[in-house]
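Worksheet: the structure to be examined is printed underneath.
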Amino acid sequence: ALDVSSPSRHLHTPSKGYPVPHMTRRQILGASLAAPFLGVHRIAAQRAAGPPLWVVERGSSSVTLFGQMPVRTADTWLTASIQQAFEASTELWVENPEPPTTPAASPPELPKGPTLIEVASPNELRRIHAALATAGMPEDSLDRLPPSIAYFPIVQLVDRASGADFDASPERTLRSRAKASGKPVHSEWASFEEVSRFLDRLPAEQQLRVHLQMIGKALDDLADAKARQERLTRWLAGDLSGVEALDRRMERRYPDARKHIATERNKAWVPRIQSMLDRTRAAFVCIGILHLTGPESVQAQVRRAGLSARRL
C-alpha cells in the first residue's frame with residue numbers, strides 16, 4: 001500500500017525528502033498577505049514536521065498509526081516523534097509477513113484465467129506497451145500473462161524510476177529494530193500465500209477489474225514522476241495534500257481497486273486495533289499512507305466503531 005500497499009505488490013516486497021522549491025512571485029505575495037497570521041502558521045508547521053502520526057486511545061492504552069511511503073536511501077523519515085512512539089510501544093504491526101528465509105522448491109504456478117491481451121482495452125494495452133518500450137523492454141512481453149502477474153513488472157518500473165530503496169523502507173527499518181530489541185512483530189497477513197489469495201473471494205470479472213485498475217494506477221505513477229516526487233516531499237514534511245489528492249483520483253478513476261485494496265482492508269484493521277487496546281499498553285502500526293488518508297481511512301473506520309483517533 002503504492003502509497004496504498006497493494007497486497008499483490010507485497011509479493012515482491014510493499015503504502016521520500018525534497019528540497020523546498022524557490023518561491024514564485026505569487027507565493028511571495030501570498031506570504032506577505034498572510035503575515036498577520038504567521039503565528040498560527042508556525043503552530044501548524046510545528047505539528048506537521050515530519051511524516052504524520054495518529055493515535056487511537058482507550059483508557060490508558062494507545063495504538064499509534066504511521067503511514068509509510070516508498071523512500072529513497074537518503075530520505076530522512078525517522079523523526080524524533082516517530083522514534084519515541086515506536087520505542088514506547090510493546091509490539092509492532094506491519095503489512096507484510098516475514099519474508100521466507102529459503103527460496104521455494106519450485107516456482108509458483110501462474111494463476112489460471114484470461115491474459116492481459118485478452119482483457120485489457122486497446123487504450124490500456126497502448127499505455128502498457130508504451131511504458132515497456134520506454135523502459136527498453138519488448139512492448140508485448142506481458143501480453144500473455146494474467147493481469148495479476150503483469151502488474152509486478154509494471155510496478156517495479158515505478159519503483160525503479162522513483163529510486164525507491166526497500167531496504168531503507170520504514171517497515172523494514174522498524175521490523176529490524178523491533179526484532180533487535182525483542183519486540184513482537186505481527187503482520188496483517190499470515191503468509192504470502194494469504195496475500196496472493198486476497199482477491200480470490202471476488203467474482204472473476206471483479207478480480208480482473210481490480211487488477212487492471214491497479215495496473216492503470218501504476219501507469220499513472222510512472223507517467224507523472226513530478227507528482228509522485230511532490231507527494232513524497234510533502235509527506236516528509238507532514239503535508240498530506242498530495243496523498244489526499246491521489247486518494248480522490250483513485251476514487252474517481254479506480255473505484256474497484258480503491259475499495260478492495262484500501263477500504264475493505266482498512267475496515268479489517270478495526271478488530272485488530274480493538275484487540276491491541278485490550279491486551280497491551282502501547283502498540284505501533286506501520287502501513288501504507290493511503291490506508292490513513294481520506295473518508296474511508298483506518299482512522300475513519302475506528303471512529304465509526306466508537307473509538308477516538310487524532311493526529312499527533
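What you see below is based on every heavy atom in this structure, not just the backbone, and it leaves out hydrogens, waters and symmetry mates. Positions are given from 1 along the sequence.
Geometric assessment of Lys183 against the ring of Phe86 yields a positive cation-pi assignment under the 6.0 Å and 45° thresholds. For the pair Arg201 and Phe198, the cation-pi test (distance below 6.0 Å, angle within 45°) is passed.
With Gln213 contributing its side chain and Ala257 its backbone, the two residues share a donor-acceptor pair below 3.5 Å. At distances below 3.5 Å, not a single donor-acceptor pair connects side-chain atoms of Ser187 with backbone N or O atoms of Ala190. In this structure a side-chain-to-backbone donor-acceptor pair under 3.5 Å is present from Glu124 to Ser121. Without hydrogens or angle criteria, Arg175 side chain to Asn96 main chain gives a donor-acceptor distance under 3.5 Å. Counting only distance, with no hydrogens or angles, the side chain of Asp224 and the backbone of Ala227 share a donor-acceptor pair below 3.5 Å. With hydrogens and angles disregarded, no donor-acceptor distance shorter than 3.5 Å links the side chain of Glu188 to the backbone of Val94. Thr280 places no side-chain N or O within donor-acceptor distance of the main-chain N or O of Ala283, the cut-off being under 3.5 Å.
A donor atom on one side chain and an acceptor atom on the other are not found under 3.5 Å apart for Arg303 and Ser308. Judged purely by distance below 3.5 Å, without hydrogens or angles, the side chains of Ser297 and Gln299 pair a donor atom with an acceptor atom.
Using a 4.5 Å cut-off on side-chain heavy atoms (C-beta onward), Leu208 and Pro114 make contact. Between Val56 and Leu277 there is a side-chain heavy-atom pair separated by less than 4.5 Å.
You'll find the ring centres of Phe66 and Trp77 inside the 6.0 Å limit.
Nearest heavy atoms, Tyr151 versus Ser148: CB-O, 4.0 Å. The minimum heavy-atom distance between Gly67 and Leu292, with the atom names listed, is N-CD1, 3.3 Å.
Within 6.0 Å of the NZ atom in Lys259, the count of heavy atoms belonging to other residues, nucleotides or ligands does not exceed 12.
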